[in-house]
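From a predicted model like this one, the values you see are computed outputs, not experimental measurements. Computed from heavy atoms alone, side chains included, the values below leave out hydrogens, waters and symmetry copies. Convention: sequence-line order gives letters A, B, ...; per-chain numbering from 1.
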Amino acid sequence: MGGSKNFLPLTSRLTGWLVGMILAVLFLSYFSSRVLASPVIPQVRPVLPISRDGFVGVVWDLPRHDAPLEWLVQAGLDEGFTKIVDESGWIRPRLGSFFLQVPQGRIFIRVGAREVGGQEIIWSEIQESYQIDEKAAHWVPSFPEEVPRPIVFIHGLDGRPDDWIERGYGELFTGHGYDPSWLWLYAYADYDYDGAYDADGEIVGIARDLPSVINQLRKVHQKNGGEGKVDIVAFSLGGLVGRTYLRSILIDPGVAKFVNVATPHLGVKWLMPWDKLYDLPFGPFIQKALATAVKGFYEEHQARPLDLESPAVAELVPESEFLDWINEEAPSEKIDYHLIYGDLKVSFSQTLFHLKLLSPEYSLGDLLIDSRSATTIPGVKPKIYPYTSSQTWRIKALKNKAGWGYEVELDLPRLKYWHSQLIRQSEVKRKILEILQD
Amino acid sequence: MKRLLFLSSLLLIGVGLQLSGGIGFSDLGQGGNGSQPVVLGQTSKVSPRESKLKQVIQDIEEGSVFSQPERVYQLLSRDLISVFSLEELKKGWVPVDQVEIVREPRVINDWAEAMIELNSENDQHRYLVIFHWENGAWKIFATEGLK
């Protein structure tokens, strides 16, 4: 009974604390909404064309706000605005616009807002920069670094559009500020009612929707303050689909960066007879053993079987009519080309009597695409990024019906940068992000 | 008349057998499903291939091949030479004191197999040596250690 006497006052105290806390939270919410309200961060918008006589026009949003706002527009020579070349002073415009006088060269623009009479200034998150075209003496916008370009992802021959999601690219890019609607997963074809995906027709046919997709994304980019360009990230055959677009568009393809991973620009030797598989000086028995091992490995591990009779595969055979067409003319020099590829450096070992022989290292590309094919776009100088691993493969004699031959034992546990795996590696994903954000 | 025909037939069969002499390497080299393994020393005629193989085996047995890595390298098949350099062979070279042919070579088409034993200072190993007929010469295609 003694315990119940103490219980009631404790309950009352707890209730009192709880009511007090609720009142405090309500008061603070009200106080912060009325007194501590910050101005909405204004967004800068460039005006084009801008006058030729040394002025740049700046337009920004005038967001609704309970209290009246005043604005400050500044032009500086550096991102930190330590060297201001012109500013508006605090203004209360009816329209969010102002003209600044600036010198030639690169300048940065920012807009600040504060409540009238207030002290706290909120600067725009977007600080537009512009570059003066010295010859024409008119203004051109530089890349607005804070407005990322939409990305068109183009999968490979045995792939599907949503492979990019499965491989973590959606998560990676949205996690770095990309709007999901700006990440376009290009489809080679429509899925039919049975869910089948007919994706191995002629490459020109596969690329037919690319112009309208890119045009649409360019408009979105421009509308959001960008320069109206897209980036392309393409895997394997997807790079040739992208190049088909570049080859077909004569004026401005609207592509800033063209990133290829393991694209066979000069074709796939894997599709040729085994004795032409690699540009290596091996004897016929070792060539055949190597081709058998590599083809066997690839067929066993690829996600989906390739239709070797399909038109797209026929076009990948070196010196095909398609490859001749796409390589006969250099693509636009205004595009940044970045080629990522796998390069397996393999030494062969064999035991001869009591001696263990080890060969020099030979490049086998990513097993499917040789390094030369993955790094050569005739007429342009791309930036190349090899992903290399060194391995030792054992050559062993093997008795067969015809007599003897060789067997090559691949170092399977350490095979990392082979064709289909390359795009899945986290270091490759990071590199693509780094290239696009650079 | 019948007796004459019988005698003539016997004579023809005899001549035929004499001319065939045995199964030579050149016959086997042309392949065919009817090829038989041939053991050196058991044929009644020696073809150029057989003679060359005998010479190689003799050189090996006498130790002249294993006297220098260069000699072994010259005996290697074009596949091995295409991948491994002479310098690589020299790297791990251990002089061989004595070579013994454990089993005479067996020849099937372009292939021959022999079993040899190499004795060095503290070591003794048996190997199956596989030869391949390349451009008119027998070349070492591979070796397999035997226990």
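For B/Phe131, no part sits under 4.5 Å from any heavy atom of chain A, backbone or side chain. Proximity to chain A (any heavy atom under 4.5 Å) is shown, for B/Phe141, by both the backbone and the side chain. For chain B, the nearby part of A/Leu355 is the side chain; its heavy atoms alone come within less than 4.5 Å. At a 4.5 Å heavy-atom cutoff, the contact between B/Leu128 and chain A is made by side-chain atoms alone. B/Glu88 touches chain A through backbone and side chain together, each having a heavy atom under 4.5 Å away.
Within 6.0 Å of CD on A/Glu319 lie no more than 12 heavy atoms contributed by other residues, nucleotides or ligands. The 12-atom threshold is exceeded at CD of A/Glu427, counting heavy atoms of other residues, nucleotides or ligands nearer than 6.0 Å. Within 6.0 Å of atom CD in A/Gln421, more than 12 heavy atoms from other residues, nucleotides or ligands are found, so the atom counts as buried in its surroundings. Counting non-hydrogen atoms of other residues, nucleotides and ligands closer than 6.0 Å to CD of A/Glu328 gives a total above 12.
The nearest pair of heavy atoms linking A/His354 to B/Leu118 is ND1-CD1, 4.1 Å. Scanning both residues, A/Ala397 and B/Ala142, for their nearest heavy atoms gives CB-CB, 3.4 Å.
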- Task: Walk me through it: do A/Thr351 and B/Thr143 pass the test side-chain contact (heavy atoms from CB on, under 4.5 Å)?
- Result: CA-CA 7 Å; A/Thr351 306; B/Thr143 63; 5.6 Å; no

- Message: Let's go through B/Glu113 and A/Lys399 carefully: what are the C-alpha distance in whole Å and the side-chain angles of both, what is the deciding distance for salt bridge (Lys or Arg N to Asp or Glu O under 4.0 Å) to 0.1 Å, and is it a yes or a no?
- Response: CA-CA 11 Å; B/Glu113 298 168 22; A/Lys399 198 162 193 173; 2.8 Å; yes

- Starting from the C-alpha separation in whole Å, work towards a yes-or-no answer on side-chain contact (heavy atoms from CB on, under 4.5 Å) for A/Ile395 and B/Asp79. CA-CA 11 Å; A/Ile395 298 174; B/Asp79 276 78; over 6 Å; no

- Might you work through the side-chain contact (heavy atoms from CB on, under 4.5 Å) test for A/Gln350 and B/Phe84, ending with a clear yes or no? CA-CA 9 Å; A/Gln350 185 163 15; B/Phe84 304 106; 3.6 Å; yes

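Interface summary for chain B: among A/Gly403, A/Ser347, A/Pro360, the most heavy-atom pairs under 4.5 angstrom belong to A/Gly403. Between chain B and the residues A/Tyr406, A/Tyr362, A/Phe348, the most heavy-atom pairs under 4.5 angstrom are made by A/Tyr406. When each of B/Val129, B/Leu80, B/Ile140, B/Ile81 is scored by its heavy-atom pairs under 4.5 Å with chain A, the top score falls to B/Leu80. Comparing B/Ile130, B/Leu89, B/Leu76 by heavy-atom pairs within less than 4.5 Å of chain A, the highest count is held by B/Ile130.
For the atom pair CZ (A/Phe285) and CZ (B/Arg78), the distance works out to 7.0 Å, reported to the nearest 0.5 Å. Taken from OG in B/Ser85 to CG in A/Leu358, the straight-line distance is 9.5 Å, to the nearest 0.5 Å.
Distance alone, capped at 3.5 Å, is enough to place a donor-acceptor pair between the B/Trp111 side chain and the A/Ala402 backbone.
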